[in-house]
Amino acid sequence: MELLFITLGGAILGIAARYAVPRREFHGVVLVPAVGAAVAAVVWVALTWLGMPWDGGWIWVIALVVSGAAAAGTAYLIGRRREEDDARTFARLARFGLARG
């Protein structure tokens, strides 16, 4: 049951990261929350395998902080990368007169 809650928390932090980080028009609506949810679940399971008690506070803090950071980093890096790629593609198409801007 705790795995479900931590995964939901990671998804909520991913939603927050999607709207807090600029360039959200360059990636899909579900991508960043899915990254947050997946990272939270993987970190939670890894920490339980390492012996952290599931009813302790630190496992929650660690899993949520790591998932929030991963979601925010993903949103930032993908947004920046896709914006640069779009600019390169537009410049290449404009050179041949194929782009409409």
*asked:* Starting from Val45, can I reach Val65 by hopping between I/L/V/M/F/W/Y residues whose side chains sit under 4.5 Å apart?
replied: yes
*Hydrophobic cluster identity match, Trp44 and Ile62, side-chain contacts under 4.5 Å*: yes
*Might you point out which heavy atoms bring Ala17 and Ala75 nearest each other, and give the distance in Å?*
O-CB, 4.4 Å
*Residue pair Gly56 / Ile59: nearest heavy atoms and the distance that separates them*: O-CG2, 3.4 Å
*Which pair of heavy atoms, one from Gly14 and one from Ala71, lies closest together, and at what distance?*
CA-CB, 3.8 Å
*In Å and rounded to the nearest 0.5 Å, what is the CD1 to CG distance from Ile6 to Leu47?*
9.5 Å
*Same cluster or not: are Trp49 and Leu3 linked, directly or through other Ile, Leu, Val, Met, Phe, Trp or Tyr residues, by side-chain heavy atoms under 4.5 angstrom apart?*
yes
*asked:* Closer than 4.0 angstrom, basic N to acidic O: yes or no for Asp85 and Arg88?
replied: yes
*Among the clusters formed by ILVMFWY side chains lying less than 4.5 Å apart, do Leu31 and Leu77 turn up in the same one?*
no
*Any idea which heavy atoms bring Ala63 and Val43 closest together, and the distance?*
CA-CG1, 3.7 Å
*Which value, rounded to the nearest 0.5 Å, describes the distance between Arg82 atom CZ and Arg80 atom CZ?*
13.5 Å
*Roughly how far apart are Thr7 OG1 and Glu2 CD, rounded to 0.5 Å?*
11.0 Å
*May I ask whether Val61 and Phe5 are part of the same hydrophobic cluster, defined by side-chain heavy atoms of I, L, V, M, F, W, Y residues being less than 4.5 angstrom apart, directly or through others?*
yes
*Any idea which heavy atoms bring Leu64 and Leu13 closest together, and the distance?*
O-CD1, 3.2 Å
_Test of understanding: with side chain to side chain donor-acceptor pair (under 3.5 Å), list the residues that count as partners of Glu84, not counting sequence neighbours._
none
*asked:* What I'd like to find out is whether the side chain of Ile78 reaches to under 4.5 Å of the side chain of Phe26, using heavy atoms alone.
replied: no
_Arg18 to Arg24 - nearest heavy-atom pair and separation_ = NH1-O, 3.2 Å
*Quick one: side-chain hydrogen bond (donor to acceptor under 3.5 Å, both in side chains) pairs with a partner in residues 51-75, sequence neighbours left out?*
none
